[in-house]
Asker: 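What follows is a single structure, and I will ask about it in a moment.
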2 protein chains.
Amino acid sequence: MTVETTEQPASVKRRGRYANGLQRRDEFIDRAFEIFATHGFQRLSLRKIAEELGVSHAALSYHFPSKEDLLQAVFDRQAERDRPLLEQSLAERGLLAALPELVRQNEDFPGLVQLDATMQAEAIRKDHPGHEFTHRRIDLFNADVRRELEREQEKGRLRTDLDLDLTARQLTAMARGLQMQWLYDPTVDVAAHLDGFLAFLRA
Amino acid sequence: MTVETTEQPASVKRRGRYANGLQRRDEFIDRAFEIFATHGFQRLSLRKIAEELGVSHAALSYHFPSKEDLLQAVFDRQAERDRPLLEQSLAERGLLAALPELVRQNEDFPGLVQLDATMQAEAIRKDHPGHEFTHRRIDLFNADVRRELEREQEKGRLRTDLDLDLTARQLTAMARGLQMQWLYDPTVDVAAHLDGFLAFLRA
DNA sequence: GTCTATACTGTGATAGAC
DNA sequence: GTCTATCACAGTATAGAC
């Protein structure tokens, strides 16, 4: 993967001699996204990434105060990309029916799923810069799933004797764990396992 | 945590000027185990660990070719320690009844649970030195759980309409994911969530 | 405001003295 | 078997070009 440094996309607006800062940052995120998704990120130093982008590693540091910030930005970008499809699927068909598709959506980017898994494991440390963010993210996901379960229950598609807080956490935990096992063995059918669990919950 | 460097335990046999190699390595593993379990390991460099042990970082590198090897050795040591209690619990009461205790066993060492989670995430990379080992470990755990489920089924304590391969993976995946959420929020009751899932499986 | 050049500190690894 | 010395490379910080 080599990069043309002499040419810039015509779409990049200029302000004086250099590209617009926010657009430039955005471009870096997008390209880093592709690099991470393909090559993973563990063995990539800031210097290597910068080399791929055709700039010095200091230029990267200018846009992203720390390596952690770059990883976080890439990760946020993925969340932004996923959200529209996610919300559409939920609105149209509800959590239970949309689940296989949501899983498949992740399967196209194993590098990012691994990035996610590793970041979540590393951010367990209380003094990690992404700790609070990740913790809140887990809670929000649980709350989202709980709400979806509630909706399904109201529609009479779910058993009424469930502790939804408990069930939601069981579901998100299982999804995480399955994703992990899938990373080690692509033949693991994440959707099928989740669907099997949902079968226990159906009315 | 400071270390006396002038004195050595009387139990350490000498061979010439220095301690016996294998015993020394063993001692290092045990003490590193304690350090990791208490302090975590992420921010610990080989130099810091060596300082705690009262030797130079090069001495550690002699016993463990790479940092990865040290972590692996510590992790193996944990597995060795856990196995007897695990097997005894399984033999006496079976998986379903022993589960809460097994979970509690891990809860005493959050540092090691995090070590485990992080190592497993990092070892996803195919070129990671611990990749094959970790992959095999996941498979073995799934197989163990599957066998236990089979035994429970034979005793009539489990539904007979289960796909045990699927169920075993659901169970191990959920356990992993719950452990992760517990690391972020110690109020998460891992055993209760697992037990709730097992309730679906009971005959 | 954005970049390059450069230096600082700390890392894991290794060679060779003892 | 353990040490000191040294290495290449990491992330970070800053000075100054433009």
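In this text the structure is predicted, and so the values were computed from the model without any measurement. Note on naming: letters A, B, ... go to the chains in the order of the sequence lines (proteins, then strands), and numbering restarts at 1 for each one.
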Asker: Give one of base, sugar-phosphate or nothing for A:S56, where a contact means two heavy atoms less than 4.0 Å apart.
Answerer: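 Since a base atom lies under 4.0 Å of A:S56, the category is base.
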
Asker: With respect to the phosphate group of D:dT2, does any side-chain polar atom (N or O) of B:R24 fall under 4.0 Å of OP1 or OP2?
Answerer: yes

Asker: Could you state the atom-to-atom distance from CG of B:D69 to P of C:dT14 in whole Å?
Answerer: 11 Å

Asker: Is there a side-chain polar atom (N or O) of B:Y62 under 4.0 Å from OP1 or OP2 of D:dG1?
Answerer: yes

Asker: Write down the distance between CG (A:L60) and P (C:dC3), rounded to a whole number of angstrom.
Answerer: 9 Å

Asker: Between A:L53 (CG) and C:dC3 (C1'), how many Å, whole number?
Answerer: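 Result: 14 Å.
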
Asker: Between A:F64 (CZ) and D:dA13 (P), how many Å, whole number?
Answerer: 16 Å

Asker: By nearest nucleotide on DNA chain C, pick out whichever of A:A59 and B:L44 is the more 5' one.
Answerer: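 This one resolves to A:A59.
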
Asker: Choosing from C:dT4, C:dA13, D:dT2, which nucleotide comes nearest the side chain of B:L46?
Answerer: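 The listed nucleotide nearest to B:L46's side chain is C:dA13.
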
Asker: Applying the side-chain contact (heavy atoms from CB on, under 4.5 Å) criterion to B:R157, which one of B:R202, B:E152, B:R151 satisfies it?
Answerer: B:E152

Asker: Between C:dT11, D:dT2, C:dT14, which nucleotide gets closest to the side-chain atoms of B:S61?
Answerer: C:dT14

Asker: If the threshold is 4.0 Å, N to carboxylate O, is there a salt bridge linking A:D82 and A:R77?
Answerer: no

Asker: Give each protein N/O atom lying under 3.5 Å from an N/O atom of nucleotides 5-7 of chain D, with the pair distance.
Answerer:
none

Asker: For A:F109, enumerate each residue passing the side-chain contact (heavy atoms from CB on, under 4.5 Å) test, keeping only those at least two apart in sequence or located in another chain.
Answerer: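 If we apply the side-chain contact (heavy atoms from CB on, under 4.5 Å) test to A:F109, skipping adjacent residues, the hits are A:F33, A:A37, A:L112.
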
Asker: Rounded to whole angstroms, how far apart are CD1 on B:I49 and C1' on C:dG10?
Answerer: 14 Å

Asker: Within the pair A:S45 and D:dA10, is there a side-chain N or O less than 4.0 Å away from OP1 or OP2?
Answerer: yes

Asker: Starting at CD of B:E51 and ending at P of D:dC3, how long is that distance when rounded to a whole Å?
Answerer: 13 Å

Asker: State whether a side-chain donor-acceptor pair under 3.5 Å links B:D185 with B:Q181.
Answerer: no

Asker: Hey, are B:Q120 and B:R176 close enough side-chain-wise for a donor-acceptor pair under 3.5 Å?
Answerer: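 Looking only at side-chain atoms, B:Q120 and B:R176 do form a donor-acceptor pair, the distance falling under 3.5 Å.
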
Asker: So, B:R104 and B:E101, do they make that salt bridge, N to O below 4.0 Å?
Answerer: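 B:E101 and B:R104: not salt-bridged.
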
Asker: D:dC9 P sits how many Å from A:K48 NZ, rounded?
Answerer: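 To the nearest whole Å, that distance equals 8 Å.
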
Asker: According to the interplanar angle, ranging from 0 to 90°, do the rings of B:F28 and B:H63 count as parallel (below 30°), tilted (30 to 60°) or perpendicular (above 60°)?
Answerer: perpendicular

Asker: A:E27 CD to C:dT2 P: how many Å, rounded?
Answerer: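 After rounding, the gap between these two atoms is 13 Å.
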
